[in-house]
Amino acid sequence: MVKASSLLLSHPIDLLKNFQVQAILGPQKSTQADFMIDIGNKAQVPIISQATSPALSQSDNPYFIRGGQSGSSQVEPLAAMVKAFGWREVVLIYEDTNFGRGIGPYLTDSFLGIGTQVRSRIAMSVSATDDHIRQELIKLKTMQTRVFVVHMLPPLASRFFLTVKEVGMMSKGYVWIITDVLTILLDSLDAKVINSMQGVLGVKPYVPNSNELQNFTQRWRKRFRRENPDIDRFELNVLGLWAYDSTTALARAVERSGVGWPKFKKPVSTNNSTDLAAIGYSEMGPGLLQAIKKTKFWGLSGKFHLVDGQLQQSTFKIVNVIGKGETEIGFWAREYGISKNISKNKRLPFSKNDTNDKEDLIKAFIWPGGFQDVPKGWEIPTGERKLRVGVPAKTGIDEFIKVERHPQTNDVIATGFCIDVFEEVIDTLPFAVPHDYFPFETPDGEPAGDYNELVNQIYLGKYDAVVGDVTILAKRSEFVDLTLPFTESSLGMIVRIKDDGRKNTWIFMKPLKMNLWLTIVVFSVFTGIVVWVLEHRVNKEFRGPPSKQVGIIFWFSFSTLVFTHIQKLQPSVTDIGDLRKNGEYVGYHNGTFLKGLLKGEEFNLQYSRNYSTFKQYDDALSRGSKNGGVAAIIHELPYVRLFLSNPKYCTKYTMVGPIYMTAGFGFAFQKGSPLVPEVSRAILNVMEGGKLTQIQHKWFGKEAKCAELDGAKTTSDSLNLESFKGLFLVAATSMISALIISLSTFLYNNRGILTSNESSIWQKLIAMAKNFDEEEVKSYDGSKKTNRANEVMVVPANCLQSPTRNNSQLAEWNFTDDDQGFTTTENSTPIHETIEIVETIEAKD
């Protein structure tokens with residue numbers, strides 16, 4: 001025998017004792033189902049319930065069959081919606097019952113998986129008064145978060161949303177999302193409640209349409225109207241469909257398992273104090289339980305398929321409360337996420353990276369207040385407390401940040417580079433962010449701790465943000481969120497410029513190793529020789545007596561060597577490891593993270609000293625380690641550059657580094673604060689707009705005019721030949737190629753001498769040398785001619801070959817009017833007149 005019961009909790013005992021039922025279709029309420037499941041476990045009777053609370057576990061209750069879906073199955077579509085709109089914070093509001101509390105951990109984990117933080121969890125008692133609900137909502141109104149997930153049953157939810165409307169939180173900028181049970185039961189809510197929920201989003205299990213469902217719905221409506229003529233609004237929901245399918249599954253399982261007359265095994269002793277102990281346990285229960293779990297069919301709610309004793313649900317409908325009820329917006333399926341259409345072949349992905357159909361889906365939503373613009377999920381509360389911004393009390397370097405108090409009003413006055421950048425960034429935001437500065441100080445005005453402790457005040461809830469020269473560090477990011485940097489990164493060392501020996505005659509030799517100097521000398525001489533070979537026949541500057549030509553070669557080589565630029569600044573320390581190895585004292589700025597950095601670099605902190613002002617830097621570096629000072633001061637690049645830009649210091653000190661990489665300065669906010677991405681984007685806008693450069697010039701001036709700063713970027717280590725091997729190879733290849741081309745051209749032009757059979761090799765070499773020593777000039781027709789002893793005498797080749805010819809056989813050379821060079825005529829001018837003409841032309845040139 002099977003029988004359903006939805007009456008008092010005492011009824012299951014009566015059913016088991018007097019009727020010996022083999023299965024019970026249990027209640028939907030989780031509190032009632034919990035009690036009944038415990039009875040079923042002891043009596044070995046399957047309990048089939050549509051209770052959704054995840055707290056009801058099948059693993060702990062083997063005779064519990066969940067004929068509906070678990071509330072935990074909806075956390076994925078809920079998280080998918082939050083992720084799709086980019087909301088980074090939510091507030092969970094739930095009723096303080098087993099039903100309400102069960103879903104909390106699942107939602108929190110799901111949101112954390114998409115990078116969204118549950119900023120607060122509000123437990124609302126089912127017996128809470130309207131005044132109490134109103135007070136809780138007013139508190140929420142003062143928070144930045146504007147995305148609320150509500151997990152309640154209709155009785156409490158009705159009063160809750162009426163109060164939400166009353167306090168003005170169902171308006172522009174707010175987001176309200178309800179869970180599946182309330183969405184399923186929307187039709188049971190009063191019209192006034194529905195009116196207060198306009199713009200609310202919700203999810204509910206998807207029920208596929210079928211002929212069986214349509215026929216059943218028609219029959220049910222007719223019967224419902226006949227039995228309830230006074231009720232106007234009614235709808236068959238998925239909870240009823242699950243109950244119908246559970247009954248069908250139980251009936252099929254009974255038929256399959258062959259359960260007959262009830263048979264309970266009684267306990268040995270009947271003198272028990274309770275009725276439950278006297279009932280015993282069902283011998284048919286285990287077999288019926290297995291038959292139910294193996295039952296599969298297509299029911300009214302879709303596919304009935306139990307996995308680990310629980311009905312599976314893979315698709316949800318996304319709805320929007322508009323008008324008198326819900327409006328279907330889209331779907332979520334485990335296989336492909338959110339889409340506009342449930343058909344896989346026609347699905348339209350909905351994510352922040354898709355642009356084709358995303359706008360259509362967004363426009364389909366109506367948000368609280370009747371707006372279609374997607375809320376950003378957070379707001380700066382107006383009329384409430386301002387943003388509490390913590391600042392360092394004292395830094396010693398006022399250019400970055402300085403905190404004072406007004407002598408009459410005692411108001412905090414914060415100035416400096418970091419403050420100006422923050423104010424400019426806040427002004428760039430598209431919304432107002434009222435804020436106040438709070439110095440991190442003791443009652444007597446002294447710093448209350450270092451920068452790590454200052455940042456930690458955000459985590460402790462004292463400040464909402466921290467502004468100042470706060471370095472972005474991985475350790476700090478574990479407790480707070482840091483924006484993009486607004487300064488350059490890295491650390492450098494400030495060290496003294498040691499006596500570089502400029503009074504030493506051979507100081508210019510120090511920057512380079514001896515092998516590099518020798519190579520430079522050889523290449524310089526070789527370069528002079530190559531230049532002489534290329535220029536000797538065409539450049540009068542490279543002609544003359546042999547002594548002059550040799551002098552020119554070495555002068556050219558020497559000028560190339562001497563004009564090489566040589567560094568004159570040499571830091572006294574070039575490597576941070578030398579400080580640790582030699583036991584030198586190292587300085588750092590008081591209150592910064594640099595003390596921890598030195599400890600991490602295995603420095604003995606006994607050999608470290610902290611300072612607060614540039615004047616103290618100067619004094620410590622001037623005295624050195626042996627006289628109570630330090631050999632170097634480690635600081636971040638903005639400070640180092642500011643220190644070295646001072647004319648009083650730039651001639652005495654230089655920078656070595658960067659020696660350590662950091663991420664620069666950033667602003668710190670509460671973990672998960674929605675201001676972080678907004679402020680980071682504003683920082684980029686300030687940097688790209690050039691405003692950051694103007695602020696830098698205001699506080700630090702323009703580039704330093706100290707010439708010595710140029711040398712601060714290099715070190716005093718001598719360079720060797722390996723550093724310039726490639727350069728020498730390229731130079732040698734170029735010069736040798738030019739030399740080969742020049743000599744090849746000369747040999748080709750004098751090939752007649754080389755191929756002559758009338759002269760010996762020695763005579764040929766002498767002739768070639770004489771021709772090479774002759775100056776090569778270009779004639780007026782562009783051809784190359786040889787000039788002997790600076791005389792210009794041009795005669796025809798046949799005259800040179802035949803001395804018997806007379807003057808009348810000489811060619812006459814005259815200018816023509818068409819710029820084509822010279823023309824010749826026979827028997828026109830005596831040779832001495834020709835020579836005279838040519839000499840006259842040369843004199844004019």
Side-chain angles (χ1 to χ4, degrees), residues 78-94 104 107-108 110-112 114-124 133-152 157 160-179 182 196-203 318 320-322 329 352 362 365-388 426 429-435 464-465 481 669-682:
L78 289 172
M81 279 201 301
V82 172
K83 181 180 179 181
F85 290 107
W87 297 319
R88 295 189 62 197
E89 286 187 355
V90 299
V91 173
L92 176 59
I93 308 173
Y94 60 94
L107 275 175
T108 301
S110 183
F111 287 139
L112 288 177
I114 62 171
T116 297
Q117 183 180 8
V118 177
R119 173 58 65 184
S120 180
R121 293 197 290 182
I122 309 299
M124 197 74 66
I133 295 175
R134 186 179 298 104
Q135 291 175 4
E136 291 294 329
L137 289 174
I138 292 175
K139 292 179 183 178
L140 293 176
K141 196 175 182 180
T142 63
M143 297 174 58
Q144 293 182 351
T145 308
R146 289 293 182 263
V147 181
F148 304 98
V149 179
V150 180
H151 184 58
M152 296 178 181
F160 178 81
F161 278 105
L162 287 172
T163 310
V164 169
K165 179 76 172 180
E166 178 187 336
V167 299
M169 295 179 68
M170 194 61 69
S171 56
K172 185 178 181 180
Y174 286 90
V175 178
W176 294 94
I177 303 174
I178 56 177
T179 55
L182 184 56
S196 70
M197 297 176 64
Q198 297 295 300
V200 171
L201 273 62
V203 295
I318 300 174
N320 193 185
V321 179
I322 302 174
I329 299 297
K352 297 196 74 174
I362 289 177
F365 286 95
I366 301 297
W367 305 95
F371 296 92
Q372 287 187 303
D373 295 336
V374 179
K376 62 175 179 286
W378 64 278
E379 295 287 346
I380 297 297
T382 58
E384 305 296 336
R385 69 172 178 82
K386 299 179 181 179
L387 197 72
R388 299 167 299 174
I426 293 300
L429 295 175
F431 46 83
V433 183
H435 55 276
D464 301 312
D481 278 350
F669 290 87
Q670 290 179 344
K671 200 74 174 176
S673 171
L675 272 175
V676 174
E678 299 289 345
V679 171
S680 293
R681 279 190 289 269

| Heavy-atom donor-acceptor pair, Asp481 side chain to Val676 backbone, under 3.5 Å | no
| Do Val175 and Phe85 pass the side chain to side chain contact (heavy atoms under 4.5 Å, CB included) test, and can you show the C-alpha distance, the side-chain angles, and the key distance before you say yes or no? | CA-CA 11 Å; Val175 178; Phe85 290 107; over 6 Å; no
| Can any side-chain N or O of Asp464 pair as donor or acceptor with the backbone N or O of Gln670 at less than 3.5 Å? | no
| message | When you compare the side chain of Arg88 with that of Ser673, does any pair of heavy atoms fall below 4.5 Å? | response | no
| Ile122 and Tyr94, any side-chain heavy atoms less than 4.5 Å apart | no
| task | Measure across Pro368 and Gly199 and return the closest heavy-atom pair with its distance rounded to 0.1 Å. | result | CD-O, 3.5 Å
| Got a salt bridge between Arg146 and Glu379, using NZ or NE/NH1/NH2 to carboxylate O under 4.0 Å? | no
| request: Please examine the side chains of Ile178 and Met152, heavy atoms only from C-beta on, and report whether any two atoms are closer than 4.5 Å. | output: no
| field | 4.5 Å side-chain heavy-atom contact, Met81 and Val203 | value | yes
| Can you tell if the side chain of Ile177 reaches within under 4.5 Å of the side chain of Leu78, non-hydrogen atoms only? | yes
| said: Side chains of Glu89 and Val147, heavy atoms from C-beta outward: is any pair under 4.5 Å? | reply: no
| query | Within the side chain of Thr116, is there an N or O that forms a donor-acceptor pair under 3.5 Å with the backbone of Leu112? | reply | no
| said: Quick check: do Gln144 and Leu387 have side-chain heavy atoms less than 4.5 Å from each other? | reply: yes
| query | Would you call Val91 and Ser120 a side-chain contact if the rule is heavy atoms closer than 4.5 Å? | reply | yes
| query | Who are the ring-ring contact (aromatic ring centres under 6.0 Å, His included) partners of Phe148, not counting sequence neighbours? | reply | Trp176
| message | Are Trp87 and Phe111 an aromatic pair, judged by ring center distance below 6.0 Å? | response | no
| field | Working for side chain to side chain contact (heavy atoms under 4.5 Å, CB included), residues Val90 and Arg119 | value | CA-CA 6 Å; Val90 299; Arg119 173 58 65 184; over 6 Å; no
